[in-house]
2 protein chains.
Amino acid sequence: MTTPRNARTAAPAVGAAEPSAKPVERGIPEATVARLPVYLRALTGLSDTGVDTCSSEELAAAAGVNSAKLRKDLSYLGSYGTRGVGYDVEYLRYQIAREIGVTQDWPVVIVGIGNLGHALANYSGFSSRGFRIVALLDADPRRQGEDVGGLGIRPFEEIERLVEEHHVAIGVIATPAVAAQHVCDRLVAAGVTSILNFAPAVLTVPHGVDVRKVDLSIELQILAYHEQRKALADPGSDAVPDALPSGLAPLAADGVVSR
Amino acid sequence: MTTPRNARTAAPAVGAAEPSAKPVERGIPEATVARLPVYLRALTGLSDTGVDTCSSEELAAAAGVNSAKLRKDLSYLGSYGTRGVGYDVEYLRYQIAREIGVTQDWPVVIVGIGNLGHALANYSGFSSRGFRIVALLDADPRRQGEDVGGLGIRPFEEIERLVEEHHVAIGVIATPAVAAQHVCDRLVAAGVTSILNFAPAVLTVPHGVDVRKVDLSIELQILAYHEQRKALADPGSDAVPDALPSGLAPLAADGVVSR
DNA sequence: AGCTGTGAACGCATTCACAGCC
DNA sequence: GGCTGTGAATGCGTTCACAGCT
C-alpha cells in the first residue's frame with residue numbers, strides 16, 4: 001500500500017434537506033478515486049508507445065495493480081470496455097480524465113516559495129496533467145518579485161485578489177508548519193475549497209473544504225518501521241542503524257513486502 | 001487483542017539487549033503504522049509546549065483523528081496509558097519512536113538532485129526525525145561537486161560504494177520518470193531495501209524490498225475530482241475551470257449528468 | 001474462445017460501547 | 001467520576017469466480 005488514506009475532511013453533502021430529485025449520487029469509492037490518476041498515467045504511457053487497445057491485465061500491469069481491482073474500479077465509471085476484446089486506450093483515457101475533471105486546466109496557487117515551493121513551481125508534471133499554476137505567494141519581502149518558472153512571487157497579502165481574479169479553487173501550502181494554519185484560513189476565506197498541504201501540521205478547515213496532506217518524513221518513517229522489522233528478522237544483515245533497539249520480537253520471515 | 005504486552009521501563013537506554021523474552025508476533029496493522037508518525041509528531045508538539053500528560057481525546061485532536069481510533073492504535077503497541085489519567089507525553093513519545101525505529105538515525109541517500117532533490121536535501125525535517133542524509137547522487141556531470149546543504153553531489157556510479165560505506169538501507173529517488181527503474185535496480189543491487197519514490201513511474205522490485213510512492217500531481221488530481229463534484233452540486237459557484245471538455249474523444253455525448 | 005463486468009465472499013479498518021482500573 | 005483498553009458490530013475495500021457479451 002502506497003497512498004495516504006483518509007483525505008476528506010467534510011462530507012460532500014451541500015444542502016441540508018433535499019427538496020427536489022437529485023440525479024442520485026454516483027458514489028465512486030474513495031479508494032478507487034485515488035487510483036484513477038494512476039490508471040490515467042498508465043494509459044498515457046501506453047498511448048505514447050503506440051498501443052491503442054489493451055486488456056485489463058495489461059493495463060493493470062502498467063499501473064501496478066491486479067486486474068480484478070482494475071476492472072472493479074473501472075466498473076464504477078461505466079462500461080467502457082468491450083468483452084472479449086479489451087479497452088480502447090484513447091477512449092478510456094478520455095473517460096477517466098473527464099471523471100477526474102482534468103479535461104481542462106485547474107488554476108492553482110502555491111503559498112510559501114522556499115525550497116519545496118520552488119520545486120513545485122518548476123514541476124512540469126502539473127501543467128501536463130490538468131493544472132496551471134497562476135500565482136506564487138510568499139510572506140517574505142526578500143523573496144517577492146523573484147521570478148520562478150516564469151511567474152513572479154507576489155506578497156501574501158494579495159491572496160484574496162489573486163484567488164478571485166483567477167477563480168482559484170485549489171491551493172498548495174508549502175510554508176513552515178507554524179504559518180500553515182493561518183495561510184489555510186486566508187485561502188479558505190478567499191474562496192479556496194481544496195488544499196494540498198506540505199507543511200507538517202494538522203489543518204482545521206470548515207465543512208466542505210478538502211485537505212490532503214503530503215508529509216515527507218512520515219513516508220520515511222513508515223519505511224523505517226518496516227526496515228527495522230526486516231533487520232530484526234535477519235540478524236545477519238548490517239543494514240541497520242547504528243544502535244540496535246532493545247529486545248524487540250523477531251518477525252516471521254515473510255515480513256512486509258510491497259509488490 | 002489476545003497478546004499480553006509487557007510494559008517496559010521508561011529508561012531510553014538504547015542498546016541494552018533484553019535477555020530472552022520472546023513475545024509473540026506483533027502484527028501491527030498497516031493503517032496503524034501509517035499513523036504512528038502522526039502521533040509522534042503530535043506528541044512532540046505537546047512536549048514542546050510544556051504539556052506532560054494528555055488524554056486520548058487531547059492527543060487525538062492534536063493528531064487530527066478521533067479518540068477511539070487513537071486508543072485502538074495505541075493498544076497494538078501495548079498499555080502505555082493510565083486509566084482515569086491519560087498518557088505521559090514523554091514516555092509515550094519514546095515508545096512510539098522506538099516502535100517506528102527512529103530512536104536512532106537512519107542513513108539515507110538521495111538520487112536525482114534536480115529541483116525536488118535540492119528541496120529534499122535541504123529539508124531539515126529529516127534530520128530531526130530520525131534520518132541523516134549521507135549522500136547525494138546525480139548522473140549529470142554538470143551537477144557533480146556542487147554543494148547542497150553541506151554535502152557534495154557525487155556521480156551516480158559511486159552508488160554501490162556509498163551505500164556500502166554508510167550502511168544505507170533507505171534510498172530516495174527524485175529523478176525523472178525514465179531513469180527511475182534503472183536507479184531503483186542499482187539501489188537494490190547495492191543493498192538498499194526501502195525506497196521512497198518521487199518519480200511518476202511504477203517501480204518493479206524484488207520480494208523483500210519496500211517501495212512507497214509520493215506523487216504530487218496524483219494528489220492534486222484527487223482534489224480536482226472532489227472539487228469538480230462540489231462545483232456540479234452547486235451550480236452557482238464559479239470556481240470551475242475555464243473551458244469545457246475539448247473534443248478529446250468521440251462520444252462524449254452522454255454528458256455529465258447521466259447515471 | 002476470450003475478456004469484461006459484477007454479485008458474493010472474504011478480510012481489514014473503523015466505530016461503538018462498555019468492562020476494568022485509577 | 002474519569003479515562004483507558006478492547007471485544008463486538010459495522011462498514012469498506014479487495015479478491016474470487018463466473019455469468020454475459022463479442
Side-chain angles (χ1 to χ4, degrees), chain A residues 1-9 11-12 25-36 38-39 43 51-61 63-89 91-92 95-96 99 222 256 258-259, chain B residues 1-7 25-36 38-39 43 51-89 91-92 95-96 222 259:
Chain A
M1 204 236 294
T2 257
T3 348
R5 276 280 154 78
N6 179 358
R8 309 263 308 288
T9 312
E25 284 294 329
R26 199 80 89 76
I28 297 182
E30 190 56 33
T32 297
V33 170
R35 283 187 295 264
L36 291 181
V38 179
Y39 303 153
L43 285 164
V51 177
D52 59 331
T53 294
C54 67
S55 66
S56 65
E57 203 67 56
E58 289 161 338
L59 180 52
V65 302
N66 70 56
S67 65
K69 194 186 286 186
L70 173 82
R71 287 200 304 278
K72 186 61 134 182
D73 283 342
L74 294 184
S75 78
Y76 293 117
L77 312 192
S79 290
Y80 294 139
T82 308
R83 291 172 200 234
V85 178
Y87 301 94
D88 180 285
V89 171
Y91 178 60
L92 182 59
Q95 293 300 341
I96 292 179
E99 189 72 42
I222 296 170
V256 187
S258 68
R259 191 167 8 276
Chain B
M1 237 295 146
T2 41
T3 3
R5 242 90 250 193
N6 50 337
E25 174 161 346
R26 287 289 190 98
I28 297 182
E30 188 57 33
T32 296
V33 170
R35 282 187 295 265
L36 292 180
V38 179
Y39 303 153
L43 285 164
V51 177
D52 58 332
T53 294
C54 68
S55 67
S56 65
E57 203 68 56
E58 290 161 338
L59 180 52
V65 303
N66 70 55
S67 63
K69 195 187 284 184
L70 172 82
R71 288 200 303 279
K72 186 61 135 182
D73 283 342
L74 294 185
S75 79
Y76 292 117
L77 313 192
S79 291
Y80 295 139
T82 308
R83 290 171 200 233
V85 178
Y87 301 94
D88 180 285
V89 171
Y91 178 59
L92 183 57
Q95 293 301 340
I96 294 178
I222 296 170
R259 184 163 44 283

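Each chain gets a letter, A, B and so on, in the order its sequence line appears, and its residues count up from 1. In what follows, every heavy atom counts, from backbone to side chain, and hydrogens, waters and symmetry copies are set aside.
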* To do: Report yes if some heavy atom in the side chain of B:Leu74 is under 4.5 Å from a heavy atom in the side chain of B:Arg71; otherwise report no.
  => no

* Structure fact -> dist B:Gln95:CD -> B:Leu77:CG (nearest 0.5 Å) comes out at 8.5 Å

Every protein N/O lying under 3.5 Å from an N/O of nucleotides 1-3 of chain C:
from, atom 1, to, atom 2, distance (Å)
C:dG2, N2, A:Gly84, N, 3.3
C:dC3, O4', A:Gly84, N, 3.2
C:dC3, O2, A:Gly84, N, 3.3

* Structure fact -> note: A:Ile28, atom CD1; D:dT14, atom C1'; distance rounded to Å ~ 17 Å

* Asked: With a 4.5 Å heavy-atom cut-off, do B:Val65 and B:Val38 have their side chains touching?
  -> no

* Kindly calculate the angle separating the two end axes of the helix from C:dA1-D:dT22 to C:dC22-D:dG1, each obtained from five base pairs, and round it to 10 degrees. => 0°

* Interatomic distance where CZ belongs to A:Arg35 and C1' belongs to D:dT14 [whole Å] -> 8 Å

* **Distance-minimising heavy-atom pair for A:Ser55 and A:Tyr87** => C-CD1, 4.3 Å

* Rounded to whole angstroms, how far apart are CG on B:Asp73 and P on C:dC16? -> 15 Å

* Asked: What is the distance from atom OG of A:Ser56 to atom NZ of A:Lys72, rounded to the nearest 0.5 Å?
  -> 13.5 Å

* Think A:Asn66 has a side-chain N or O under 4.0 angstrom from the OP1 or OP2 of D:dT14? -> no

* Asked: Of all the nucleotides listed (C:dG5, D:dT4, C:dT14), which has the minimum atom distance to the side chain of A:Ser75?
  -> C:dG5

* Evaluation steps, side chain to side chain contact (heavy atoms under 4.5 Å, CB included), between A:Tyr39 and A:Leu70 -> CA-CA 8 Å; A:Tyr39 303 153; A:Leu70 173 82; 3.6 Å; yes

* Structure fact -> Here the gap from A:Leu92 atom CG to A:Leu43 atom CG, rounded to the nearest 0.5 Å, amounts to 5.0 Å

* **For A:Glu58 against A:Thr53, the heavy-atom pair lying closest together** => OE1-O, 4.2 Å

* Taking the side chain of A:Arg71 as its heavy atoms from C-beta onward, which of D:dC18, D:dC16, D:dG5 lies nearest to it? -> D:dC18

* Measure from CG on A:Leu70 to C1' on D:dG13 and round the result to the nearest Å. => 15 Å

Tabulated below should be each protein N or O lying under 3.5 Å from an N or O of nucleotides 7-12 of chain C; please produce it.
from, atom 1, to, atom 2, distance (Å)
C:dG7, N7, A:Lys72, NZ, 3.3

* Out of curiosity, A:Asp73 CG to A:Thr32 OG1, how far, rounded to the nearest 0.5 Å? -> 3.5 Å

* Asked: Atom CG of B:Leu74 to atom C1' of D:dT4: distance rounded to whole Å?
  -> 10 Å

* Measure across B:Cys54 and B:Leu59 and return the closest heavy-atom pair with its distance rounded to 0.1 Å. => SG-CB, 3.9 Å

* Asked: Nearest of D:dC16, C:dG5, D:dT14 to any side-chain atom of A:Ser79?
  -> C:dG5

